[in-house]
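Each remark here refers to the structure printed beneath this line.
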There are 2 protein chains.
Amino acid sequence: MNFNHLDGIVPFDLVTKIFELMEQRNFPKNQLLHEQGAVCKEIFLIQEGLARTFFYKDGKDITVHLASEGEVITAVDSIISLKKSRYHVELLEDSTVFSISYKTLQELLSQHPEYEKYVRLVLERMYTEGADRIEEFLFFSAKERYENLVRTRPQIIQRVNLGHIASYLGMTQETLSRIRKSI
Amino acid sequence: MNFNHLDGIVPFDLVTKIFELMEQRNFPKNQLLHEQGAVCKEIFLIQEGLARTFFYKDGKDITVHLASEGEVITAVDSIISLKKSRYHVELLEDSTVFSISYKTLQELLSQHPEYEKYVRLVLERMYTEGADRIEEFLFFSAKERYENLVRTRPQIIQRVNLGHIASYLGMTQETLSRIRKSI
DNA sequence: GTTGGCTTTTGACAATTGTCAAAAAATCAA
DNA sequence: TTGATTTTTTGACAATTGTCAAAAGCCAAC
């Protein structure tokens, strides 16, 4: 298994320790891993399958984040702040996920502060990825954003329905359908 | 002085230690703190003044980030990865900034790993802020993005020229001028 | 195979935002 | 104060993207 967010950063013994603390579970497609309005306590690592965070804005369903094998997903607006989350976290396929509570992770770090460094490095990487996504919106048209996604995450295109991809890219489904036809 | 990115998170002794390692310098308006194409080695903390990161896309000058008193600014696409940066970092006013090299900061953390936790907390906050900015683009129109900025960072509106604010919000200067008139 | 539900495409039209050029306003330095 | 420079506004028009409604396509369950 390849955990994009950890690979090349986190030493094997920490990966092992974290995995010992994680629970492996199977869920069917459409299962909610977390619901809007609740405080999110868990971080999910996708072993097999696909998940998204989304919420409703003016009745429209908007996908905020997509995670596939080896990627991490949680309600970022809640897990750290402990505020009620605006997001749902939903599986888009039958999936196998590992989960760990943020509290457990923090306890691990208290007991083994030598691991803090690696969490920092993972966060640095996540922050950089977020900065890149902001740039997408600053510099690229709807069509360019789609082309960039096709290039960087082709597996997403195959497996996620058009409506979710469109809202993830900040456009309507109709626009994405037309963009796709025009290429 | 109020350092938004640190306040309420970082204990006083660490703030003190970091400040001991930082160099305080004054620069005039328009000074570049970092140039595109170079690897960025330093992180800047604005004590007094205003800075932005920006770059050229198809000849147009696009502002990626804005930082005022108490905020941190650097070339995020380079400082961690050590890749050549796409960004310039520029002062928009005569400013007093503290600077510390990323290397020095890492050395401090090696010697005092008990501080790693606080850097992690700062990064978590920065990551969350980034996630909020992505949401801005997913959920809000040009007009709403401007109104949100007026609400959350009114001092920016007063001090930064329209063109920079417009590109920071992902729109043209003409559009922002018209939005402003319509409110 | 047929049915029913979900997803994607299409059409007609509207709203938003961008482009280019020029005028007006504000700022700054001599 | 004045002239030069920069910033902001305006106008006319074009391109992009959104909205709403309906049709077409797809797929799984019966």
Side-chain angles (χ1 to χ4, degrees), chain A residues 28-32 50 52 54 56-63 66 88 90-94 134-150 155-183, chain B residues 28-32 49-50 52 54 56-63 66 88 90-94 134-150 154-183:
Chain A
K29 178 174 174 173
N30 298 325
Q31 171 82 37
L32 292 179
L50 199 56
R52 66 171 183 138
F54 75 102
Y56 294 99
K57 150 99 175 169
D58 305 335
K60 281 169 298 189
D61 163 336
I62 297 186
T63 296
L66 288 164
H88 296 279
E90 179 192 60
L91 292 176
L92 298 176
E93 299 176 352
D94 296 347
I134 293 168
E135 275 196 29
E136 283 280 299
F137 288 102
L138 291 180
F139 308 137
F140 296 108
S141 67
K143 183 171 181 177
E144 290 169 322
R145 294 201 299 277
Y146 176 68
E147 288 170 344
N148 289 346
L149 187 66
V150 169
Q155 70 296 4
I156 294 291
I157 307 291
Q158 306 305 321
R159 294 161 66 185
V160 180
N161 80 38
L162 205 66
H164 296 158
I165 294 172
S167 68
Y168 177 75
L169 292 173
M171 67 188 80
T172 63
Q173 171 171 313
E174 294 92 331
T175 295
L176 182 52
S177 176
R178 287 175 179 120
I179 282 170
R180 207 156 65 154
K181 200 175 58 159
S182 78
I183 292 178
Chain B
K29 179 173 176 174
N30 297 324
Q31 171 82 38
L32 291 178
L50 199 55
R52 66 172 184 139
F54 74 102
Y56 294 98
K57 152 101 176 166
D58 306 333
K60 281 170 298 188
D61 164 335
I62 297 185
T63 295
L66 287 165
H88 296 278
E90 180 191 60
L91 293 176
L92 298 175
E93 300 176 352
D94 295 347
I134 292 168
E135 276 194 30
E136 284 279 300
F137 288 102
L138 291 180
F139 307 138
F140 297 108
S141 65
K143 184 173 179 175
E144 290 169 322
R145 294 201 298 278
Y146 176 69
E147 288 169 343
N148 289 346
L149 186 67
V150 169
Q155 69 298 5
I156 294 290
I157 307 292
Q158 306 307 320
R159 294 162 65 186
V160 180
N161 79 40
L162 205 64
H164 296 158
I165 294 173
S167 68
Y168 177 75
L169 293 172
M171 68 189 80
T172 63
Q173 171 171 316
E174 293 91 332
T175 295
L176 182 52
S177 175
R178 288 175 178 118
I179 283 171
R180 206 156 65 156
K181 198 174 62 159
S182 79
I183 292 178

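Hydrogens, waters and symmetry mates are skipped; everything else that's a heavy atom, side chains included, is used. All chains are named by letter (A, B, ...) in the order of the sequence lines, taking the proteins before the strands, and each is independently numbered beginning at 1.
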Mind grabbing the angle between the end helix axes of the helix from C:dG1-D:dC30 to C:dA30-D:dT1? Five pairs an end, 10° rounding.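 It works out to 40° between the end axes.
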Between B:Thr175 and A:Asn161, which has a closest nucleotide on DNA chain C that is more 5'?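 Comparing both residues, the 5'-ward one is A:Asn161.
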Distance test, side-chain N/O of B:Lys181 to OP1/OP2 of D:dT10, below 4.0 Å: yes
From C:dT10, D:dT17, D:dT9, pick the nucleotide closest to the side chain of A:Ser141?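 In terms of side-chain proximity for A:Ser141, the closest of C:dT10, D:dT17, D:dT9 is D:dT17.
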[X] [atom1] to [N] [atom2]: how many Å, rounded?
X	N	atom1	atom2	result
B:Asn30	D:dT5	CG	C1'	13 Å
B:Glu174	D:dT10	CD	P	12 Å
B:Glu93	C:dC28	CD	C1'	16 Å
B:Gln173	C:dA25	CD	P	16 Å
B:Leu162	C:dT27	CG	P	13 Å
B:Ile179	D:dT10	CD1	P	14 Å
A:Arg178	C:dT8	CZ	P	15 Å
B:Ile165	D:dT7	CD1	P	12 Å

Check whether more than 12 heavy atoms from other residues, nucleotides or ligands sit under 6.0 Å from atom NZ of A:Lys57, and answer yes or no.
yes
Next item on the list: Name the nucleic acid region contacted by B:Arg180, choosing base, sugar-phosphate or nothing; use a 4.0 angstrom heavy-atom cut-off, strictly under.
Entry: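 Since only primed, P, OP1 and OP2 atoms lie under 4.0 Å of B:Arg180, the category is sugar-phosphate.
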Looking only at heavy atoms, the pair that brings A:Phe137 and A:Arg145 closest together is CE2-NE, 3.6 Å
**Q.** side chain to side chain contact (heavy atoms under 4.5 Å, CB included) between A:Leu92 and A:Leu66, intermediate numbers included
**A.** CA-CA 10 Å; A:Leu92 298 176; A:Leu66 288 164; 4.0 Å; yes
* Just wondering, do A:Leu32 and A:Glu90 contact through their side chains at under 4.5 Å, heavy atoms? -> yes
For this session: For residues B:His164 and B:Asp61, determine if any side-chain heavy atom of one lies less than 4.5 Å from a side-chain heavy atom of the other.
Result: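 When only atoms from C-beta onward are counted, B:Asp61 and B:His164 do touch, with a gap below 4.5 Å.
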- Report yes or no: does B:Thr63 contribute a side-chain atom to a donor-acceptor pair with the main-chain N or O of B:Ser167 at less than 3.5 Å? no
Which word best sums up how the rings of A:His88 and A:Tyr56 line up, parallel for under 30°, tilted for 30 to 60°, or perpendicular for over 60°?
->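 Plane angle over 60°, so perpendicular.
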